[in-house]
Protein chains: 2
Amino acid sequence: MSQTATLLVIDDEPQIRKFLRISLSSQGYKVLEAATGSEGLSQAALARPDLVVLDLGLPDMDGQHVLRELREWSQVPVLVLSVRASEVQKVEALDGGANDYVTKPFGIQEFLARVRALLRQAPQAVAQESAPCFGPLTVDLAFRRVTLDGVEVALTRKEYALLAQLASHPGRVITQQQLLKDIWGPTHVDDSHYLRIVVAHVRQKLGDDPTSPRFIVTEPGVGYRLIGPDAI
Amino acid sequence: MSQTATLLVIDDEPQIRKFLRISLSSQGYKVLEAATGSEGLSQAALARPDLVVLDLGLPDMDGQHVLRELREWSQVPVLVLSVRASEVQKVEALDGGANDYVTKPFGIQEFLARVRALLRQAPQAVAQESAPCFGPLTVDLAFRRVTLDGVEVALTRKEYALLAQLASHPGRVITQQQLLKDIWGPTHVDDSHYLRIVVAHVRQKLGDDPTSPRFIVTEPGVGYRLIGPDAI
DNA sequence: TGAAGGTATAAAGAGTGCGTAAAGATCGCC
DNA sequence: GGCGATCTTTACGCACTCTTTATACCTTCA
């Protein structure tokens with residue numbers, strides 16, 4: 001998984017938080033922290049993390065309670081930490097909606113492996129966020145497919161690279177330098193006529209008219225931007 | 001979970017199997033058993049259990065190997081059992097595709113709770129199971145069988161590896177680098193002509209025409225993708 | 001009004017990538 | 001050890017994409 005996952009650590013002990021923050025950050029994860037249960041719940045609601053690490057021994061409210069409230073609206077994977085090794089505790093937490101239970105003290109390598117295992121089976125949220133739509137035009141970045149009125153449009157590498165770049169930032173102007181650098185490489189940032197030719201090809205395939213564009217708008221002297229029918 | 005889930009226990013020790021069978025059956029689960037790795041794999045392919053309990057210490061083949069083969073075609077949750085408590089072992093298993101790792105001896109209540117936790121998050125995995133179908137073409141990843149209009153197509157290792165890779169992500173473009181890395185290894189990511197030859201062979205065996213493809217579509221300069229008749 | 005900078009489009013040549021065939025090398029099986 | 005299947009290597013024709021070059025247009029400002 002190349003894109004960084006966001007993790008929320010809910011633990012009252014600062015040294016544990018620090019330990020986890022350092023360990024998880026070094027793996028490339030984005031780490032959020034909360035010292036209390038209520039803070040953790042509001043953070044989970046606001047930031048929508050991809051995984052929650054929850055310590056059962058919190059000062060303000062029972063860890064079980066936090067878990068139950070979280071599960072009322074979220075299916076995010078939860079890894080529970082606890083010093084209590086009692087089997088009853090584990091059963092309660094797991095049946096309360098936790099996905100894994102690790103007893104302190106624990107090996108950091110095992111902990112990280114369990115985090116990876118939990119994140120691995122959770123990419124359902126990531127999948128559906130691709131395929132931005134611009135009215136009759138859809139640009140599916142995951143499938144590398146472009147459709148116009150439902151029919152597929154055949155694009156060459158550079159044509160697709162251009163459209164994908166524009167579609168990644170809908171409505172925003174992408175400068176010519178940016179486009180040239182990403183498609184032709186840093187050595188061709190001055191060959192802006194390359195860009196015009198490819199833009200013309202894409203427009204032709206999309207049935208787009210530069211003077212009254214449906215999709216690709218020219219920003220003279222600056223760059224291009226991709227719009228939808230509702231003028232994003 | 002009201003309807004009974006089917007569990008597969010792969011363990012060579014009869015007393016462990018008996019213990020688990022009794023414990024799991026008393027919870028209402030349907031329990032299948034296998035004493036060896038190869039038996040476990042074929043059972044998993046035939047019965048499609050909802051969860052697999054896998055002991056790493058099998059007589060005929062390495063548990064890691066069983067896990068790897070299973071993961072080639074199935075997303076079924078796997079709970080690994082082991083007497084070895086080494087952290088390296090745990091990390092290997094979890095990164096190899098296991099969803100949980102329990103060290104023997106273990107408390108049966110905790111074990112059952114972990115089973116429940118794994119089954120709870122399982123329903124999304126069920127949907128994508130079984131053999132993907134592309135009109136007259138079926139690619140059964142579990143049995144390593146490819147059929148066209150109902151008759152089996154004989155494919156070589158590389159040919160099958162290519163088709164399986166494409167069939168794992170229907171409709172999605174798989175880049176040449178990805179295919180070369182997975183089939184020939186990271187040292188041959190530049191030998192794209194290997195790819196063309198194998199693609200040509202598969203196309204020939206499937207009666208597919210590159211210019212108007214039924215199945216394998218070329219994305220020039222990028223890679224290939226597998227489509228169905230309904231233009232996935 | 002005319003020149004200049006930036007833009008759109010067309011067309012031709014060069015170069016690359018793709019598909020196919022066939023021969024040599026290697027592996028596995030009997 | 002021999003044989004067949006599979007994989008690797010080599011070669012070549014073809015289509016397509018990219019680059020290059022050229023020309024017309026449009027807006028802005030002197």
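Quantities reported herein were computed from a predicted structural model and do not represent experimental measurements. Values below: all heavy atoms of this structure, side chains included; hydrogens, waters and symmetry mates excluded. By convention in this document, chain letters (A, B, ...) are assigned in the order of the sequence lines, proteins followed by strands, and residues within each chain are numbered from 1.
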Can I get a per-line list of side-chain donor-acceptor pairs under 3.5 Å for residues 213-222 of chain A, giving both atom names and the distance, sequence neighbours left out?
unit_1: A/R214; atom_1: NH2; unit_2: A/L206; atom_2: O; d: 3.3
unit_1: A/T218; atom_1: OG1; unit_2: A/R203; atom_2: NH2; d: 2.7
unit_1: A/E219; atom_1: OE2; unit_2: A/R225; atom_2: NH1; d: 2.3

Problem - Validation row: B/Y160, B/L141 side chains within 4.5 angstrom (heavy atoms) - result: yes

Practice task
Nearest-nucleotide wise, let me know which of B/W184 and A/K158 is further upstream toward the 5' end of DNA chain D.
Solution key: B/W184

Problem - Atom of B/M61, atom of B/V66 and distance for their closest heavy-atom approach - result: CG-CG2, 3.6 Å

Exercise for the section: For B/R21, check salt bridge (Lys or Arg N to Asp or Glu O under 4.0 Å) against everything at least two apart and list the hits. Expected result: B/E33

Enumerate all atom pairs, one protein N or O and one N or O from nucleotides 24-30 of chain D, separated by less than 3.5 Å.
none

Completion exercise
Contacts of A/F111 meeting ring-ring contact (aromatic ring centres under 6.0 Å, His included) (sequence neighbours excluded), chain-then-number -> A/F106

Exercise for the section: Return each pair, listed once, that meets salt bridge (Lys or Arg N to Asp or Glu O under 4.0 Å) where at least one residue sits in residues 54-69 of chain B; pairs must be two or more places apart or across chains. Expected result: B/D55-B/K104

Practice task
Provide, to the nearest angstrom, the distance between the CG atom belonging to B/L195 and the P atom belonging to D/dT8.
Solution key: 12 Å

Exercise for the section: Can you sort out the partners of B/R157 under salt bridge (Lys or Arg N to Asp or Glu O under 4.0 Å), two or more places apart, ordered by chain and number? Expected result: none

Problem - Under the side chain to side chain donor-acceptor pair (under 3.5 Å) test, residues paired with A/E110 that sit two or more places apart - result: A/R114, B/K90

Handout entry: Interatomic distance, A/E159 CD vs D/dC18 C1' [rounded to whole Å]
Key = 10 Å

Exercise for the section: Answer yes or no: does a side-chain N or O of B/T156 lie under 4.0 Å from OP1 or OP2 of D/dA5? Expected result: no

Practice task
Report the distance from atom CG of A/D190 to atom C1' of C/dG6, rounded to the nearest whole Å.
Solution key: 15 Å

Problem - Length of the OH-P vector between A/Y160 and D/dC16, whole Å - result: 22 Å

Handout entry: Contact pattern, 5' to 3', of nucleotides 8-22 of chain C - B, S or - by protein heavy atom under 4.0 Å
Key = SS--------BBSB-

Problem - Residue pairs, two or more places apart or on separate chains, that pass salt bridge (Lys or Arg N to Asp or Glu O under 4.0 Å) and touch residues 180-201 of chain B - result: none

Completion exercise
A/L155 CG to D/dC18 P, in whole Å, measures 10 Å

Handout entry: Nearest-angstrom distance from the residue atom NZ of B/K205 to P of D/dA5
Key = 11 Å

Practice task
Go through the structure and list residues passing salt bridge (Lys or Arg N to Asp or Glu O under 4.0 Å) with B/E92, not counting sequence neighbours.
Solution key: none

Exercise for the section: Enter the inter-axis angle for the ends of the helix from C/dT1-D/dA30 to C/dC30-D/dG1 (five pairs per end, rounded to 10°). Expected result: 30°

Exercise for the section: Measure from CG on B/L162 to C1' on D/dC7 and round the result to the nearest Å. Expected result: 15 Å

Problem - For B/E87, salt bridge (Lys or Arg N to Asp or Glu O under 4.0 Å) partners two or more places apart - result: none

